[in-house]
Every structure is written in C-alpha cells, then in structure tokens.
Amino acid sequence: MARTKVAFSRVVLKLSGEGLGGRGGAGIDPEQLDYVTREIVAVHRTGVELAIMVGGGNILRGGAFSRKSAIPEATAHYMGMLATVINGLALQEALEDKKVPTRLMSALGVTGLCEPFSRHRCKGHLDKGRVVVLAGGSGRPFFTTDTAAALAAVEIDADALLKATQVDGVYSADPKKDPRAMFYPKLSYDDVIDKRLAVMDLSAVEMCQRCGVTMVVFNLHKAGNLKRAATGRRVGTIIS
C-alpha cells in the first residue's frame, strides 16, 4: 500500500473524553467511537506513528466533581484518571476490531488491563507500527491530560502535538458564544501564552515551546482533519 508523503514521522494526539461522547459529550457513544477510530485508521495507513493521550471528561471531571461533593480533590482526580482507562479500553478494542495493532499503556497502575507506561516500550511499540493509547494522564493528581500529552510528546520524541477540539482551531474568544471571535490560522507559543488563549494548559504550551514540539489545534468533527493535521497539511491553527 502506498504511503502518503508526510511532514511528521511521529505525533501525539490529545483526544478529550468529550470526543468519544454522544450528545452533550457524556458517556461513550458507539457511533462517535466508530467515527474517531476510522479517523485514526486513516492516519495509521499513512505510516505516521501515532500515540493518543485520552481524557476522561465524558465520564468524570475530577476537579468539578470534588467541588460538588465531599470527595477530596486528589481522590477525585484519581477517579478521573480511571475514567481515562475506560476510554482507553474502548479505543483499543475498537481499533483492534479495525485490524489496527494497538497497545494500551497507563501512567496509573491498572494491572491486568494496561501495560505500565515506559518511554522505551512506548517508542518500541510505535517503531513496530502499533498505535499506542495512553491512559492515566500523568499518573498524579492535579495535572491535566493536556499537560500529560505535552509531556508524552516530549518523552517519546514526537514531532507534533495534535489537539482535537470541538471548533476549527484557536479563536480570540469562544466562537460558540461570541460571533465576533477572530480565528487565528497561525500563532507563536508566546502569542498563546501572552494572550492567555484557551488552547491548552499554559504548562503544556510552555513545555512544547521549550522542546520545539509543533502544536496543531483542529476540529475533530470534520472528517479527514486528523489525517490532514498528522501529515502536516494546512488545517486548524498551527502553533510553533
């Protein structure tokens, strides 16, 4: 099978839990899961090595849950990390069903379900043409999966961090609430940090800046966008 000419050889996709959810972003919607995995299959066929940091907000957001309950915030964050494992299991099985070799690794120990995350083993899986799903965030409370995705990108020597969102890229304000919001096709890391643009956690942006990892923010819900982003074609907002 002919491979697509690509700009990146290895990328990390940050996939929010809402990206797997149904109406309102809650739970795991079978149709959405099928759509997302078909988009991932298209990237895999290009030869780009792909690791996926999956969130868990479709099931539970630790900080928000803690504020509304008697659960300590640290415990609630661990609960959210376990939610990412549920999403990771769904992604792994859906991808394997589409004949894509996949490994699920977790920074949080979940014996019997996930391999423990190891930088060298993760890179080895990618070298062998497997998609790696990363669950458990950073393995520690109070760090978001955005930050964990940036850390993973740096650890495994990825060329780019792809951030799948619900809108077309980075705007000056929420385009769903402000019709005057301005779209940015290209930004520098300093632009994002200085303007406090709602892209990812600033710690994630700063880490990518320090280590020279290109960021691409794109709309997950437009078919083909993930492949365009992973192969370096113009889509969404480029941050470099």
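What you see is a predicted model, and the numbers here were worked out from it, not measured in a lab.
Nearest heavy-atom pair, Phe65 versus Ala76, reported as atom, atom and distance to 0.1 Å: CD2-CB, 4.3 Å. In terms of heavy-atom proximity, Cys208 sits nearest to Leu161 at SG-CD2, 3.8 Å. Across all their heavy atoms, Ala153 and Val213 have their closest contact at CB-CG1, 4.3 Å. The two atoms that bring Gly129 and Pro101 nearest to each other are O-CG, 3.8 Å, heavy atoms only. The nearest pair of heavy atoms linking Ala51 to Leu126 is N-CD2, 4.2 Å. Of all the heavy atoms in Val43 and Ala230, the pair that sits closest is CG1-CB, 3.8 Å.
Ile193 and Met207 fall within a single hydrophobic cluster, where Ile, Leu, Val, Met, Phe, Trp and Tyr are joined by side-chain heavy atoms under 4.5 Å apart, directly or via other members. Taken together through direct or relayed side-chain contacts under 4.5 Å among Ile, Leu, Val, Met, Phe, Trp and Tyr, Met53 and Phe142 form parts of separate hydrophobic clusters. At a threshold of 4.5 Å between side-chain heavy atoms, the hydrophobic network of Ile, Leu, Val, Met, Phe, Trp and Tyr places Phe218 and Val167 in two separate groups. Criterion: ILVMFWY side-chain heavy atoms under 4.5 Å apart, direct or through other members. Under it, Phe143 and Leu151 are not part of a common hydrophobic cluster. Residues Ile59 and Leu33 are members of one and the same hydrophobic cluster, defined by side-chain heavy-atom contacts under 4.5 angstrom among Ile, Leu, Val, Met, Phe, Trp and Tyr.
When atom types are taken as modelled, the side chain of Ser66 and the backbone of Gly63 share no donor-acceptor pair closer than 3.5 angstrom. Within the 3.5 Å criterion, the main-chain N or O of Ala148 finds no donor-acceptor partner in the side chain of Ser138. In terms of modelled atom types and a separation under 3.5 Å, the side chain of Gln32 and the main chain of Gly19 share a donor-acceptor contact. With hydrogens and angles disregarded, no donor-acceptor distance shorter than 3.5 Å links the side chain of Thr75 to the backbone of Ile71.
In this structure the side chain of Ile239 never reaches within 4.5 angstrom of the side chain of Val216, judged on heavy atoms. Contact check for Leu95 versus Ile40: side-chain heavy atoms found under the 4.5 Å cut-off. By the 4.5 Å heavy-atom criterion applied to side chains, Met215 and Met200 are counted as neighbours. Proximity of Leu220 to Leu15: side-chain heavy atoms (C-beta onward) are separated by under 4.5 Å at one or more points. Between Phe183 and Pro175, the closest side-chain pair of non-hydrogen atoms is not below 4.5 Å. No side-chain heavy atom of Thr102 sits less than 4.5 Å from a side-chain heavy atom of Val132. Side-chain atoms of Ser106 and Met81, non-hydrogen and from C-beta on, never get closer than 4.5 Å to each other. With a 4.5 Å cut-off on side-chain heavy atoms, Cys114 and Val85 count as touching.
Using modelled atom types, one finds no donor on one side chain facing an acceptor on the other under 3.5 Å when comparing Glu39 with Asn225. A donor atom on one side chain and an acceptor atom on the other are found under 3.5 Å apart for Asp159 and Ser9. With no hydrogens or angles considered, no side-chain donor-acceptor pair links Thr214 and Ser240 at under 3.5 Å. Lys14 and Thr145 share a donor-acceptor pair across their side chains, judged by distance under 3.5 Å alone. No hydrogens or angles considered: a donor-acceptor pair under 3.5 Å links the side chains of His125 and Glu115.
Salt bridge status for Glu18 with Arg61: present, with a side-chain N to carboxylate O gap under 4.0 Å. The existence of a salt bridge linking Arg10 and Asp127 is confirmed by a sub-4.0 Å separation between a basic side-chain nitrogen and an acidic carboxylate oxygen. Taking the charged nitrogens against the carboxylate oxygens, Asp191 and Lys186 have no contact shorter than 4.0 Å, which rules out a salt bridge. Between Arg38 and Asp34, at least one side-chain nitrogen of the basic residue sits less than 4.0 Å from a carboxylate oxygen of the acidic one, meeting the salt-bridge criterion. Under 4.0 Å is where a charged nitrogen must lie from a carboxylate oxygen, and between Asp174 and Lys176 no such pair does.
For the pairing with Leu104, the side-chain contact (heavy atoms from CB on, under 4.5 Å) check across Ile52, Val54, Leu89, Val131 returns one residue only, Leu89.
The environment of Tyr35 atom OH is dense: over 12 non-hydrogen atoms of other residues, nucleotides or ligands sit within 6.0 angstrom. Atom CZ of Arg233 sits in a sparse spot, with 12 or fewer heavy atoms from other residues, nucleotides or ligands closer than 6.0 Å.
Between the NE2 atom of His44 and the CZ atom of Arg130 there is a distance of 10.0 Å, given to the nearest 0.5 Å. One finds the OG atom of Ser16 at 8.0 Å from the CG atom of Asn58 (value rounded to the nearest 0.5 Å). We find the CD1-CG distance between Ile28 and Leu91 to be 8.0 Å, quoted to the nearest 0.5 Å. Taken to the nearest 0.5 Å, the CD atom of Gln92 stands 13.0 Å off from the CG atom of Asn87. The distance from atom CG of Asp190 to atom NZ of Lys195, rounded to the nearest 0.5 Å, is 11.0 Å. Note that the OG1 atom of Thr84 and the CG atom of Leu82 stand 7.5 Å from one another [nearest 0.5 Å].
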Q: Would you sort out whether Leu108 and Tyr78 count as a side-chain contact (heavy atoms from CB on, under 4.5 Å), showing the intermediate values?
A: CA-CA 9 Å; Leu108 187 71; Tyr78 280 115; 3.9 Å; yes
Q. For Thr147 and Ser203, what are the C-alpha separation, side-chain angles and deciding distance, and is it a side chain to side chain donor-acceptor pair (under 3.5 Å)?
A. CA-CA 6 Å; Thr147 299; Ser203 58; 2.8 Å; yes
**Q.** Criterion side-chain contact (heavy atoms from CB on, under 4.5 Å) on Ile238 and Arg234, from CA distance to verdict
**A.** CA-CA 8 Å; Ile238 308 295; Arg234 172 65 67 182; 3.4 Å; yes
Q: Check step by step if side-chain contact (heavy atoms from CB on, under 4.5 Å) holds for Val12 and Leu162.
A: CA-CA 6 Å; Val12 170; Leu162 315 180; over 6 Å; no
Q) Run the side-chain contact (heavy atoms from CB on, under 4.5 Å) check on Thr237 and Leu187 step by step: do they pass? A) CA-CA 7 Å; Thr237 301; Leu187 291 164; 4.0 Å; yes
